[in-house]
Amino acid sequence: MEWMKVKDALKAPIGTQLTVKGWVRTRRDSKADGGISFLAVSDGTCFDHIQVVAKNTLDNYPDEIVKITSGCSVEVDGELVESAGRGQDVEILAGAVRVAGWVDNPDSYPVSAKRHSFEYLREVAHLRPRTNTFGAVARVRHCMSLAIHRFFDQRDFYYVHTPIITGADCEGAGEMFRVSTLDLQNLPRKPDGRVNFDQDFFGKESHLTVSGQLNVETFCLALTRVYTFGPTFRAENSNTSRHLSEFWMIEPEIAFGDLSDDADLAEEFLKYIFDYLLTRRADDMAFFEKRIDPGVIDRLKHIIEKPFLRISYSEAVAVLKKTKRKFEFPVEWGSDLQSEHERFLTEEHFKQPVIVMDYPKEIKAFYMRKNDDGKTVAALDVLVPKIGEIIGGSQREERLDVLDDRIREMGLNLDDYWWYRDLRRYGTVPHSGFGLGFERLIQFCTGMANIRDVIPFPRAPRQAEF
RNA sequence: UCCUCAGUAGCUCAGCUGGUAGAGCGGGUGGCUGUUAACCACCAAGUCGGCGGUUCGAGUCCGUCCUGGGGAGCCA
């Protein structure tokens with residue numbers, strides 16, 4: 001008999017002879033006709049499980065089937081039939097049920113058939129994929145990854161694998177994890193007492209990357225349109241529902257593109273991937289809508305349907321200063337917009353996604369292109385309801401002399417950026433890009449409150465068990 | 001890192017002003033039922049986060065450490 005995944009079995013014609021394999025969610029018994037057991041079997045290929053009907057005529061009924069508990073793995077041969085009960089359209093009338101793996105101690109099975117808190121499930125991260133929520137999150141993550149790659153592929157972007165280990169301590173995007181093979185108990189020293197990194201694996205200090213942007217720019221200025229999508233690391237001791245020590249980031253970069261092109265790309269990107277998600281994972285999204293975050297589907301549709309408004313930072317500040325609404329943090333030209341300001345703009349004032357452009361140069365990174373006014377840089381933030389900033393991007397400074405001034409202004413060392421500066425010496429062009437955190441994207445489109453629940457194995461301060 | 005709340009059966013929690021522990025779910029057994037958040041009865045299960053202190057006596061009070069949640073900062 002053909003092994004069918006549950007997602008296909010649920011749609012197969014009545015009468016199909018098939019085998020399904022998976023894990024039992026629940027077993028319910030009836031005494032009718034001398035005994036019938038109902039097994040809810042899930043293989044994770046879709047949100048729903050399939051019901052298996054096992055009758056007492058099966059030879060292992062009394063010895064095995066009635067002892068099956070949540071978590072047991074089974075292989076079932078049988079026929080797909082119309083369900084004689086309510087609650088499902090089809091079910092499998094079993095001809096054979098083989099138990100592949102028992103549950104050692106059903107009394108203490110960590111993900112028993114009951115409600116569990118997310119906090120608890122984090123402690124059993126190896127078993128939580130078997131729950132409705134984490135199965136759905138895993139499928140949504142996959143779907144969104146695919147959507148991102150398809151979006152870029154269809155638009156002639158090449159996927160560039162930027163390095164995980166970096167010797168360039170450049171970006172200043174927070175604390176970095178050191179990569180070293182030196183013996184911590186016996187560090188080689190220089191005469192002045194400092195650690196001698198000449199003897200380290202790479203012959204210099206090295207760290208885990210905090211961004212692939214600088215590297216991907218090099219390929220942008222050769223392949224025209226590129227993107228990275230990979231893990232990034234921050235050693236910040238920040239313990240919140242929106243931060244991880246290890247997370248995934250998407251960073252496209254376009255040559256011969258200015259800030260306006262960048263904004264176009266960001267808007268088209270978000271609309272595409274959310275539409276793809278709603279189309280392809282309707283089952284999981286219905287679950288998130290019903291059980292996790294009512295309203296999440298409307299928020300996504302809102303982004304798909306509404307045009308993104310574009311305003312300057314200065315205009316945004318003017319709007320915020322004019323409103324009667326009280327904020328915890330004051331609004332002043334020159335300081336960064338707080339989350340409450342961003343949400344006010346997109347949720348209450350404009351009631352649509354907003355792209356804020358041209359921020360004061362003091363609050364933005366050195367590589368962002370200086371505008372003619374001398375006060376602002378060509379940066380953009382895409383603001384959406386519920387979370388505020390979802391994307392941050394900029395046009396990069398392509399003029400070597402201006403870039404050098406900015407590096408010096410920020411107190412950085414020109415030599416550290418020698419290869420980055422070379423890009424401005426050899427065939428420089430205007431180029432732009434943006435970045436977004438993949439897990440925050442998944443949080444947004446599932447409504448999951450804690451970022452540790454949208455990545456399979458979260459890494460956070462004091463948390464790397466699995 | 002700071003502020004704040006919490007840590008009691010496998011899980012979620014209750015336990016008033018200190019007198020040596022209880023419920024629901026889950027699990028087991030039996031009854032009933034084409035079951036599906038099933039229902040009814042019974043049973044098992046906890047050195048009350050660790051260490052120290054106050055007290056005749058601490059789950060309950062004090063100190064400290066560990067762990068987790070929420071918020072802040074930082075940011076993606």
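Computed from a predicted structure; not experimentally measured. Numbered from 1 within each chain, the chains take letters A, B, ... in sequence-line order.
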Between B:C75 (P) and A:Glu340 (CD): distance, integer Å: 17 Å

A:Trp333 six-ring centre to A:Lys321 NZ/CZ under 6.0 Å and within 45° of normal: no

In terms of side-chain geometry, is the basic nitrogen of A:Lys21 or A:Asp77 positioned less than 4.0 Å from the acidic oxygen of its partner? no

Checking all strands, does A:Leu441 fall into the base, sugar-phosphate, or nothing category for heavy-atom contacts under 4.0 angstrom? nothing

Using both distances under 3.5 Å as the test, list the Watson-Crick or G-U wobble partner of B:U4, or none. B:G69

So, using side chain to side chain donor-acceptor pair (under 3.5 Å) as the criterion, who are the partners of A:Tyr313 when residues are at least two apart? none

Closest to side chain of A:His243, choosing from B:G34, B:U12, B:C75: B:C75

Mind checking A:Val53 for me? I need base, sugar-phosphate or nothing, with any heavy atom below 4.0 Å counting as a touch. base

Roughly how far apart, to the nearest Å, are B:G24 and B:G71 at atom C1'? 31 Å

Between the main-chain N or O of A:Ala235 and the side-chain N or O of A:Glu175, is there a donor-acceptor pair closer than 3.5 Å? no

Between A:Glu251 (CD) and B:C75 (C1'), how many Å, whole number? 14 Å

Look at all strands and tell whether A:Glu439 reaches a base, only sugar-phosphate, or nothing, counting heavy atoms closer than 4.0 Å. nothing

How long is the line joining NZ of A:Lys55 and P of B:U35, in whole Å? 13 Å

For a quick check, tell me whether the side chain of A:Glu236 and the base of B:U1 share a donor-acceptor pair closer than 3.5 Å. no

Go through B:G34, B:U35, B:U33 for me and flag the one nearest to the A:Gln88 side chain. B:U35

Quick one about A:Glu251 and A:Ser211 (side-chain donor to acceptor, distance below 3.5 Å, no hydrogens or angles considered), yes or no? yes

Taken to the nearest whole Å, CZ/A:Phe118 to P/B:U12 is 13 Å

Just to be sure I understand the rule, does A:Ser117 reach a base, reach only the sugar-phosphate, or reach nothing, if contact means heavy atoms closer than 4.0 Å? sugar-phosphate

As a test of reading the structure: which of B:U33, B:G34, B:C11 is closest to the side chain of A:Tyr120, going by heavy atoms? B:C11

Distance between C1' atoms of B:G28 and B:C61 (Å, rounded): 40 Å

Please determine if A:Arg155 forms a cation-pi arrangement with A:Tyr272, meaning its NZ or CZ atom is less than 6.0 Å from the six-membered ring centre and no more than 45° off the ring axis. yes

Just call it for A:Ala84: base, sugar-phosphate, or nothing, with non-hydrogen atoms closer than 4.0 Å on any strand. base

Between NZ on residue A:Lys11 and OG1 on residue A:Thr16, distance to nearest 0.5 Å: 14.0 Å

Take atom C1' in B:A37 and the same atom in B:C56, then report the distance between them in whole Å. 50 Å

Taking the P atom in each of B:U17 and B:C74, what is the distance between them to the nearest angstrom? 41 Å

Length of the CZ-C1' vector between A:Arg28 and B:C39, whole Å: 14 Å

For the base of B:C11, is there a side-chain donor-acceptor partner from A:His116 under 3.5 Å away? no

For RNA chain B, whose closest nucleotide is more 5', that of A:Pro110 or that of A:Asp29? A:Pro110

Expressed in angstrom and rounded to an integer, what is the separation of A:Arg459 atom CZ from B:A76 atom P? 22 Å

How are the rings of A:Phe327 and A:His341 set to each other: parallel, tilted or perpendicular (split at 30° and 60°)? perpendicular

Atom pairs under 3.5 Å, N or O on each side, protein against nucleotides 22-29 of chain B: can you list them with distances?
from	atom 1	to	atom 2	distance (Å)
B:G26	O2'	A:Ser112	OG	3.4
B:G26	N2	A:Asp107	OD1	2.4

Checking all strands, does A:Glu389 fall into the base, sugar-phosphate, or nothing category for heavy-atom contacts under 4.0 angstrom? nothing

Is there a side-chain hydrogen bond (donor to acceptor under 3.5 Å, both in side chains) between A:Tyr367 and A:Glu217 once you walk through the steps? CA-CA 11 Å; A:Tyr367 52 74; A:Glu217 277 188 50; over 6 Å; no

Protein and nucleotides 67-72 of chain B: nitrogen or oxygen contacts under 3.5 angstrom:
from	atom 1	to	atom 2	distance (Å)
B:U67	OP1	A:Arg462	NE	2.4
B:U67	OP1	A:Arg462	NH2	2.6
B:U67	OP2	A:Arg462	NE	3.4
B:G69	OP1	A:Arg122	NH1	2.6
B:G70	OP1	A:Asn450	ND2	3.4
B:G70	OP2	A:Asn450	ND2	3.4

Is A:Phe38 touching bases, backbone alone, or none of the nucleic acid, heavy atoms closer than 4.0 Å? base

Euclidean distance for P, B:G27 against B:G10 (whole angstrom): 15 Å

Could you check which nucleotide pairs with B:U54 in any of the strands shown, counting Watson-Crick or G-U wobble with both distances under 3.5 Å? none

With rounding to the closest Å, how many angstrom separate the C1' atoms on B:C13 and B:G34? 35 Å

Tell which nucleotide pairs with B:C42, taking only Watson-Crick or G-U wobble pairs whose two distances are both under 3.5 angstrom. B:G28

Using Watson-Crick geometry (N1-N3 plus N6-O4 or O6-N4) or G-U wobble (N1-O2, O6-N3), each under 3.5 Å, B:G22 is paired with B:C13

Electrostatic pair A:Glu268:A:Lys271 at N-O distance under 4.0 angstrom: no

Within the structure shown, what part of the strands sits under 4.0 Å from A:Gly437 by heavy-atom distance: base, sugar-phosphate, or nothing? sugar-phosphate

Looking only at atom P, what distance separates B:A9 and B:U35, rounded to whole Å? 36 Å

Heavy atoms of A:Ile165 and A:Ser206 approach each other most closely as CG2-CB, 4.2 Å

side-chain contact (heavy atoms from CB on, under 4.5 Å), paired with A:His431, selected from A:Asp258, A:Ile254, A:Asp262, A:Leu221: A:Leu221

Please state the P separation for the pair B:U4 and B:G50 - nearest whole angstrom. 24 Å

